[in-house]
Amino acid sequence: CETCSKEEAKYRCPRCMKYSCSLLCVKKHKLALSCNGVRDKTAFVSVNEFTDLNLLSDYRFLEDVGRTADAAARHCIVHSPATKRLLYFLRNKARGCNIELKTLPVGFTKRRENSTTFNSMENKFYWHLKLVFPHCHAEYTLKGVPDDKTLADILKPYIDPVESDPVVCQRLKIYTASPQSDVRILMKIENRSRNSVRYNELDASRSLLDNLKGKVIIEYPTLFVVLKTLKNDMVVLGQ
């Protein structure tokens, strides 16, 4: 026992790894070293000492972190009147622009992700926007996109052969190599049955606000960028 040095040690502290022989010595060592006896889940472990138990411990630690984060997202403050007033304000402003904006309950991924705001001074939406490039299995999330920006300008950093980012351009090579006239921008029509999925085709030369008018949006717009020759499985409404 590292506390009394008299009896044979029976216990080992998970926190400081000190050996003790009895409950009395355990309490003494906690008092002397200000040790709480709780194992440090984030303590450094060298590669040579790393075992399956350490791997399992790390996995459980990450699960605990995930549960704590999820619980924080569901905390009562998220349901506060101020939050509800903000959502009502956004829906009301969207309705004034002929857009039916719907919000999901707290806990849904899209509700947590959504960063859409409305600037009353500029009388303008700044949208949270997701771009999906299905032919390359790529997705990009944009934040603070002004509603007066055209879709063509929004897509320039991604598929424009000259102005796009080199890394993104390489990943979306099938789009940059195709004529710009072949690029189509679609948005899924909400409130339809699963076996009747349809899309609206948007006008790249018009602003984001103009394209969203008369549409139903759940949390934020998701735009599908497709090529005319490859969108066989995506049925546009009216075709």
Side-chain angles (χ1 to χ4, degrees), residues 58-59 62-63 65-66 69-70 73 94 99 101-104 107-117 119 124-190 192 194-213 215-239:
D58 288 352
Y59 179 76
L62 292 176
E63 283 188 323
V65 171
D70 184 64
I99 300 171
L101 177 63
K102 295 186 175 183
T103 54
L104 296 169
F108 278 74
T109 302
K110 291 188 75 172
R111 174 87 290 273
R112 293 199 302 266
E113 290 176 345
N114 194 3
S115 60
T116 299
T117 58
N119 189 315
K124 184 190 298 184
F125 270 100
Y126 285 87
W127 289 98
H128 183 105
L129 188 65
K130 180 175 285 187
L131 298 178
V132 180
F133 298 86
H135 306 315
C136 296
H137 305 288
E139 291 186 4
Y140 297 95
T141 299
L142 290 72
K143 296 183 179 182
V145 181
D147 61 14
D148 57 355
K149 194 171 185 179
T150 64
L151 298 188
D153 289 337
I154 293 173
L155 291 180
K156 272 185 181 179
Y158 298 92
I159 62 174
D160 189 276
V162 179
E163 298 187 27
S164 61
D165 180 90
V167 177
V168 176
C169 181
Q170 183 63 29
R171 186 178 183 187
L172 304 178
K173 193 173 182 179
I174 189 174
Y175 290 91
T176 54
S178 302
Q180 294 298 299
S181 57
D182 283 354
V183 176
R184 296 287 185 270
I185 305 172
L186 308 180
M187 190 169 76
K188 184 180 176 182
I189 301 174
E190 304 294 350
R192 292 181 66 93
R194 288 188 176 184
N195 60 352
S196 180
V197 178
R198 296 292 184 272
Y199 297 84
N200 278 317
E201 186 168 345
L202 308 182
D203 188 347
S205 63
R206 300 178 67 185
S207 68
L208 178 60
L209 179 62
D210 289 339
N211 278 288
L212 295 181
K213 285 182 178 179
K215 309 288 195 309
V216 177
I217 300 172
I218 298 179
E219 289 293 345
Y220 56 81
T222 299
L223 307 184
F224 294 84
V225 186
V226 299
L227 296 175
K228 181 172 64 175
T229 54
L230 299 176
K231 67 176 186 66
N232 300 328
D233 58 335
M234 303 179 77
V235 182
V236 177
L237 191 70
Q239 294 183 352

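With rounding to the nearest 0.5 angstrom, the CD1 atom of Ile99 is 8.0 Å from the NZ atom of Lys213. Remark: Arg206 CZ to Leu212 CG distance equals 10.5 Å, nearest 0.5 Å. For the atom pair NE2 (His137) and CZ (Arg171), the distance works out to 10.0 Å, reported to the nearest 0.5 Å. In this structure, CZ on Phe224 lies 14.5 Å from CD on Glu201, to the nearest 0.5 angstrom. Distance OH/Tyr175 to NE2/His135: 4.0 Å, rounded to 0.5 Å. Once rounded to the nearest 0.5 Å, the distance linking CG of Leu129 with CG of Asp147 reads 11.5 Å.
No side-chain donor-acceptor contact under 3.5 Å links Asn200 to the backbone of Met187. Side-chain atoms of Glu219 come within 3.5 Å of backbone N or O of Leu104 as a donor-acceptor pair.
In this structure, Asp210 and Asp203 have side chains that are not in contact, with every pair of non-hydrogen atoms separated by 4.5 Å or more. Residues Ile217 and Trp127 meet the side-chain proximity criterion, which asks for heavy atoms closer than 4.5 Å. The shortest side-chain heavy-atom distance between Asn211 and Ile185 does not fall under the 4.5 Å cut-off. Within the 4.5 Å cutoff, side-chain heavy atoms of Lys124 are placed close to those of Asp148. Proximity of Thr109 to Arg112: side-chain heavy atoms (C-beta onward) are separated by under 4.5 Å at one or more points. In this structure, Ile174 and Cys136 have side chains that are in contact, with non-hydrogen atoms separated by less than 4.5 Å.
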- request: Please step through side-chain contact (heavy atoms from CB on, under 4.5 Å) for the pair Val216 and Lys102, ending with a clear verdict.
  value: CA-CA 7 Å; Val216 177; Lys102 295 186 175 183; 4.2 Å; yes
task: Take Val183 and Leu227, measure what side-chain contact (heavy atoms from CB on, under 4.5 Å) needs, and give me the verdict at the end.
output: CA-CA 5 Å; Val183 176; Leu227 296 175; 4.0 Å; yes
Stepwise side-chain contact (heavy atoms from CB on, under 4.5 Å) test for Asp182 and Lys228: CA-CA 5 Å; Asp182 283 354; Lys228 181 172 64 175; 3.7 Å; yes
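Within 6.0 Å of NZ in Lys215 there are more than 12 heavy atoms belonging to other residues, nucleotides or ligands.
When the side chain to side chain contact (heavy atoms under 4.5 Å, CB included) test is applied to Asp58, the partners found at least two apart in sequence or on another chain are Phe50.
Across Lys143, Glu113, Lys110, His128, a single residue satisfies side-chain hydrogen bond (donor to acceptor under 3.5 Å, both in side chains) together with Tyr220, and that is Glu113.
Ring planes of Tyr158 and Tyr140: tilted class, angle from 30 to 60°.
The two residues Phe125 and Ala94 come nearest to each other via the heavy atoms CZ-N, 3.5 Å. The nearest pair of heavy atoms linking Thr150 to Ala204 is CB-O, 3.9 Å.
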